[in-house]
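Since the structure is predicted, the reported quantities are computational estimates derived from the model, not experimental observations. For the numbers below, each heavy atom of this structure counts, side chains included, while hydrogens, waters and symmetry mates do not.
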Amino acid sequence: MTQPALEVRVYDTLDSLSTLRTAWEQLLLEFPTATTFCTMDWLLPWWRAFGGGQQLKVLAFFDSTQRLVAIAPLSVTTRRVASGVKLKLLRLMGDGSQDSDNLDLPVRPGLEDRFARALLDFLESEGNSWDFAELNTLPVESPGGNALRQLLGEKKWVAVEQQIPASAIALPATWEEYGRLLSAKERGKIGLRTRRLEKKYEVRIRRCADEDEIDSLLQALYQLHGKHWQLRGLPGTLHERGRRQFYGELARLLLPRRRLELWVLELQGKVVGAQFGLRYGTTVFSLQEGFDPDYAADSVGYVLRSQVLKNLIADGVRRYDFLGGADESKLRWGAKPGHYLDVSFARPFSAGSAYLRAQDYAGRSKSWLRRHLPRAAWEMLHKIHVGVGQTGNQADSTKKDADEETVQDPK
């Protein structure tokens with residue numbers, strides 16, 4: 001028996017979207033891959049900070065009992081794809097500022113296929129409002145995302161996928177068990193560097209517990225982050241007004257829900273290291289970090305991370321997610337590499353599909369050149385490309401600050 005199609009309603013303002021809060025939160029309780037990045041606590045402050053110049057287009061899906069069963073939190077913006085040519089881009093709410101990972105399509109279990117079909121049927125009927133879609137940093141296990149990917153293939157829509165590195169630590173129940181996940185060298189470094197710091201200074205490591213101290217602790221994070229990047233001749237990203245507005249509003253929403261993990265390390269009463277994390281269930285996401293490079297030889301970022309992990313394990317956290325990136329500075333903490341999916345798609349025979357095919361061809365050509373060009377020639381091309389796009393890539397690197405100090409640390 002054919003099941004009735006889901007009803008789709010469009011929410012194009014934050015005020016109208018806010019009326020869904022209770023139903024949205026109930027949906028997330030049943031959504032197996034829910035994270036902070038799926039919540040209104042993340043998405044609404046993000047939109048207020050970064051949504052300018054975009055059109056909100058959140059699609060809510062209801063069954064025959066008027067129960068909310070799925071959400072596609074989307075927005076529309078324009079992208080210049082060639083001289084004088086702009087296309088309308090449909091993307092996930094939260095994408096575009098380099099702050100969000102794990103963006104997803106919440107759907108009640110068992111309704112993934114109906115959701116995917118209703119979504120594509122709606123987008124097909126609204127063909128004049130968008131040219132191509134980019135769903136970036138989808139979790140690979142996303143139920144709604146995977147149903148959508150399968151249906152895109154069945155309908156022969158143009159779809160292009162790219163894997164984006166990520167990494168996370170599966171935390172055991174005790175600190176002692178966690179230590180056994182690490183190399184003997186890494187275990188030794190944790191103890192040695194912590195004792196060395198405690199012998200040299202009066203050390204205090206603490207988590208933000210009072211709304212009255214949010215502003216001062218965030219200001220410390222901003223200053224430490226900026227000081228680190230200034231050594232490279234770059235401003236970093238936390239000097240931007242919109243990002244500071246976002247972090248401030250986000251922290252105030254998360255703290256009373258016990259979902260804020262804002263930690264600082266103080267030496268002699270001075271904040272020299274900070275971590276800004278997000279808790280959802282038994283997972284903590286590491287969002288931003290900063291440390292004082294004047295104390296790099298004291299390994300303050302390293303000690304702060306180790307003691308935060310120790311506290312989180314004792315507090316029942318079972319996953320520490322580094323978000324994007326899977327470099328050695330994360331893997332040495334016991335993180336396992338993984339990836340997100342960037343999924344782009346467009347209707348067949350559309351301007352958007354032509355653009356995606358051209359982009360895919362260019363990417364494949366670049367991969368071929370990398371495999372076949374002499375190393376010196378490839379490195380020259382790469383330097384030219386990086387030089388052109390350098391300032392735009394800073395945001396991807398800011399989550400590594402606290403670990404990068406160890407390049408300068410004594411062994």
Side-chain angles (χ1 to χ4, degrees), residues 5-14 16-17 20 37-38 43-44 46-47 50-62 69-98 100 103-107 112-138 142 144-162 164 340-363:
L6 299 175
E7 178 190 352
V8 184
R9 300 177 194 169
V10 181
Y11 294 79
D12 57 7
T13 68
L14 291 188
S16 65
L17 186 60
L20 279 180
F37 304 98
C38 298
L43 294 174
L44 269 60
W46 183 93
W47 187 263
F50 301 110
Q54 303 181 61
Q55 176 188 347
L56 195 63
K57 199 178 185 73
V58 176
L59 308 182
F61 299 78
F62 296 83
V69 298
I71 302 166
L74 303 172
S75 66
V76 180
T77 186
T78 58
R79 175 173 295 174
R80 182 174 174 270
V81 298
S83 179
V85 179
K86 292 183 178 180
L87 296 180
K88 286 172 282 190
L89 167 62
L90 187 71
R91 64 185 179 185
L92 290 165
M93 186 182 181
D95 189 20
S97 70
Q98 310 241 6
S100 306
L103 295 173
D104 211 340
L105 302 164
V107 56
E112 296 85 0
D113 292 341
R114 290 176 66 191
F115 157 71
R117 190 163 299 280
L119 174 59
L120 289 194
D121 286 348
F122 178 85
L123 294 181
E124 195 161 22
S125 71
E126 294 278 322
N128 292 331
S129 68
W130 67 288
D131 293 305
F132 71 104
E134 284 184 356
L135 307 185
N136 291 330
T137 69
L138 276 174
S142 167
N146 288 330
L148 176 62
R149 293 166 62 205
Q150 180 174 339
L151 188 58
L152 287 169
E154 293 174 4
K155 291 175 69 71
K156 308 299 183 185
W157 284 29
V158 174
V160 178
E161 296 185 358
Q162 181 180 2
I164 306 300
Y340 301 120
L341 285 176
D342 286 355
V343 180
S344 302
F345 63 88
R347 301 178 308 281
F349 310 111
S350 64
S353 67
Y355 169 69
L356 290 181
R357 289 187 185 279
Q359 289 292 101
D360 186 47
Y361 177 78

Original post:
Does NZ or CZ of R91 lie under 6.0 Å from the centre of the six-membered ring of W130, at an angle within 45° of the ring axis?
Top reply: no
**OP:** Apply side chain to side chain contact (heavy atoms under 4.5 Å, CB included) to the pair L6 and V69, showing each step before the final yes or no.
**Re:** CA-CA 9 Å; L6 299 175; V69 298; 4.0 Å; yes
**OP:** Name all residues meeting the ring pair (Phe, Tyr, Trp, His ring centres under 6.0 Å) criterion together with Y355; count only those two or more places apart in sequence or in a different chain, and write none if there are none.
**Re:** F132
Subject >> Point-to-point distance, once rounded to the nearest 0.5 Å, from CD of E154 to CG of L120 >> reply: 10.0 Å
Original post:
Can you list every pair that meets salt bridge (charged side-chain N to carboxylate O under 4.0 Å, His left out) and has a residue in residues 120-136, with sequence neighbours left out?
Top reply: K57-E126, R79-E134, E124-K155
Original post:
Would you call L74 and L92 a side-chain contact if the rule is heavy atoms closer than 4.5 Å?
Top reply: yes
**OP:** For residues C38 and P106, determine if any side-chain heavy atom of one lies less than 4.5 Å from a side-chain heavy atom of the other.
**Re:** yes
Original post:
So do the side chains of R117 and L151 get within less than 4.5 Å of each other, counting heavy atoms only?
Top reply: yes
**OP:** Report the distance from atom CE of M93 to atom CG of D95, rounding to the nearest 0.5 Å.
**Re:** 12.0 Å
Subject >> Side chains of L90 and Q55 in contact at under 4.5 Å (non-hydrogen atoms) >> reply: no
Subject >> Any side-chain heavy-atom pair of V107 and R114 under 4.5 Å >> reply: no
Subject >> CZ/R9: more than 12 non-hydrogen atoms of other groups inside 6.0 Å >> reply: yes
Subject >> Nearest-0.5 Å distance that lies between atom OG in S100 and atom CZ in F50 >> reply: 8.5 Å
Original post:
Does the side chain of L17 reach to within under 4.5 Å of the side chain of L43, using non-hydrogen atoms?
Top reply: no
Original post:
Roughly how far apart are L152 CG and L148 CG, rounded to 0.5 Å?
Top reply: 4.5 Å
Original post:
With sequence neighbours left out, what residues match T137 under side-chain hydrogen bond (donor to acceptor under 3.5 Å, both in side chains)?
Top reply: none
Original post:
Can you tell if the side chain of L20 reaches within under 4.5 Å of the side chain of Y11, non-hydrogen atoms only?
Top reply: yes
Original post:
Are F345 and L123 close enough that some pair of their side-chain heavy atoms sits under 4.5 Å apart?
Top reply: yes
